[in-house]
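Take a look at the structure set out below.
Since we're looking at a predicted model, the values are computed, not measured. Along the sequence shown, residues carry numbers from 1.
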Amino acid sequence: TEQNRALNESLADRDLLMQELHHRTGNNLALIVALIRMSRSQAASDETREVLRGLETRVGGLSKAHELMQRATDTSDLDLREMLDEVARNAERAFSGERQDIEIELLCPEIKLDNKLAVDIGLIVGELITNAYKHAFHGREAGCITIEVTTPEDGLTLRVSDDGVGLPEDAARPERSNSLGWRMIRTLTFQHEATLKVESDGGLVTEIRFPAQG
């Protein structure tokens, strides 16, 4: 009927507009990452470069998440391993040029998660990697950051560790820090009713346990 034809045309127009919106959003995120990277390369102070590295890691993770959501056949799920691999590579690019050889090792099974949970885990991992780059390897020429995801029956466990200098005995607990990074980690952890534990065992170990998805 004419009414059905008009409805189908309207739906097709809406889908086309949504595709164009997502395409432009993806391009804009990629442009923002490129601008941050350019600004970082031209920054005069170490403090400014450090801030821009963290920002590059955050926006880069969001850009990859958007790309994965566009490619996913089921838009409610994302490939966590691919997401975390890109987060790690973004961090390596952001911190390249430092006089240190820092390896990032990812141990993660093939697993698809609800896209909000996957993106939030990606943001948490980006913050923890950034913290390790900034604090774990003072006076060291090399080091390793390990990202490990396991899936016990009662949920999912994320463990990010480094073989750096660890915490001095009199150091403040990092998970209680009022820095933007740790505030973000705490907020995202509690939003998913997960538990957060930080230990200094040689290097620093952060473990977050997410309950099983309903």
Notebook entry, point to check: Yes or no on side-chain contact (heavy atoms from CB on, under 4.5 Å) for Tyr133 and Ile104, after CA distance, side-chain angles and deciding distance?
Noted result: CA-CA 10 Å; Tyr133 267 106; Ile104 301 179; 3.9 Å; yes
Next item on the list: Take Arg89 and Glu92 through the test salt bridge (Lys or Arg N to Asp or Glu O under 4.0 Å) and record every step on the way to the result.
Entry: CA-CA 5 Å; Arg89 302 293 80 79; Glu92 287 179 335; 2.8 Å; yes
Next item on the list: Check the pair Glu207, Glu199 against side-chain contact (heavy atoms from CB on, under 4.5 Å), reporting the backbone distance first and the verdict last.
Entry: CA-CA 8 Å; Glu207 183 176 278; Glu199 297 178 335; over 6 Å; no
Next item on the list: Show your reasoning for whether side-chain contact (heavy atoms from CB on, under 4.5 Å) applies to Leu117 and Leu156.
Entry: CA-CA 11 Å; Leu117 178 57; Leu156 179 147; 5.8 Å; no
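For Thr130, the side-chain contact (heavy atoms from CB on, under 4.5 Å) criterion is met by Thr57, Phe95, Lys134, not counting sequence neighbours. Remark: Asp163 pairs with Phe137, Arg140, Cys144 by the side-chain contact (heavy atoms from CB on, under 4.5 Å) rule, at least two apart or across chains. With sequence neighbours excluded, no residue satisfies salt bridge (charged side-chain N to carboxylate O under 4.0 Å, His left out) with Arg183. Residues forming a side-chain contact (heavy atoms from CB on, under 4.5 Å) with Ser177 (at least two apart in sequence, or on another chain): Ser179, Trp182. The salt bridge (charged side-chain N to carboxylate O under 4.0 Å, His left out) check on Glu193 picks up nothing, with sequence neighbours excluded. By the side-chain contact (heavy atoms from CB on, under 4.5 Å) test, Arg81 is found to be paired with Asp79, Leu106, Cys108, Glu110, residues two or more places apart in sequence or in another chain being considered.
The cluster map of Ile, Leu, Val, Met, Phe, Trp and Tyr, joined by side-chain heavy atoms under 4.5 Å apart, puts Met184 and Val119 in the same cluster. In terms of hydrophobic clustering, with Ile, Leu, Val, Met, Phe, Trp and Tyr side chains grouped at heavy-atom distances under 4.5 Å, Leu158 and Ile111 are assigned to a common cluster. Leu123 and Leu196 fall within the same hydrophobic cluster, defined by Ile, Leu, Val, Met, Phe, Trp and Tyr side-chain heavy atoms under 4.5 Å apart, directly or through other members.
If you run side chain to side chain contact (heavy atoms under 4.5 Å, CB included) between Leu204 and each of Asn131, Leu128, Val160, Val198, only Val198 comes through.
Counting heavy atoms of neighbouring residues, nucleotides and ligands inside a 6.0 Å radius, atom CZ of Arg159 does not exceed 12 of them.
One finds the CD atom of Glu103 at 10.0 Å from the CD1 atom of Ile145 (value rounded to the nearest 0.5 Å). In this structure, CD1 on Ile121 lies 5.0 Å from CG on Leu80, to the nearest 0.5 angstrom. The distance from the CZ atom of Phe210 to the CG atom of Asp120 is 8.0 Å, given to the nearest 0.5 Å.
Residue Leu84 comes nearest to Gly122 through the heavy atom pair CD2-CA, 3.9 Å, listed as atom of the first residue, atom of the second, then distance. Between Asp162 and Ala132, the shortest heavy-atom distance links the atoms OD2-CB, 4.1 Å. Here the closest non-hydrogen pair linking Ala88 and Ile147 is CB-CD1, 4.4 Å. What you find for Thr151 and Pro109 is that their closest heavy atoms are CG2-CG, 4.5 Å.
Proximity of Val165 to His135: side-chain heavy atoms (C-beta onward) are nowhere separated by under 4.5 Å.
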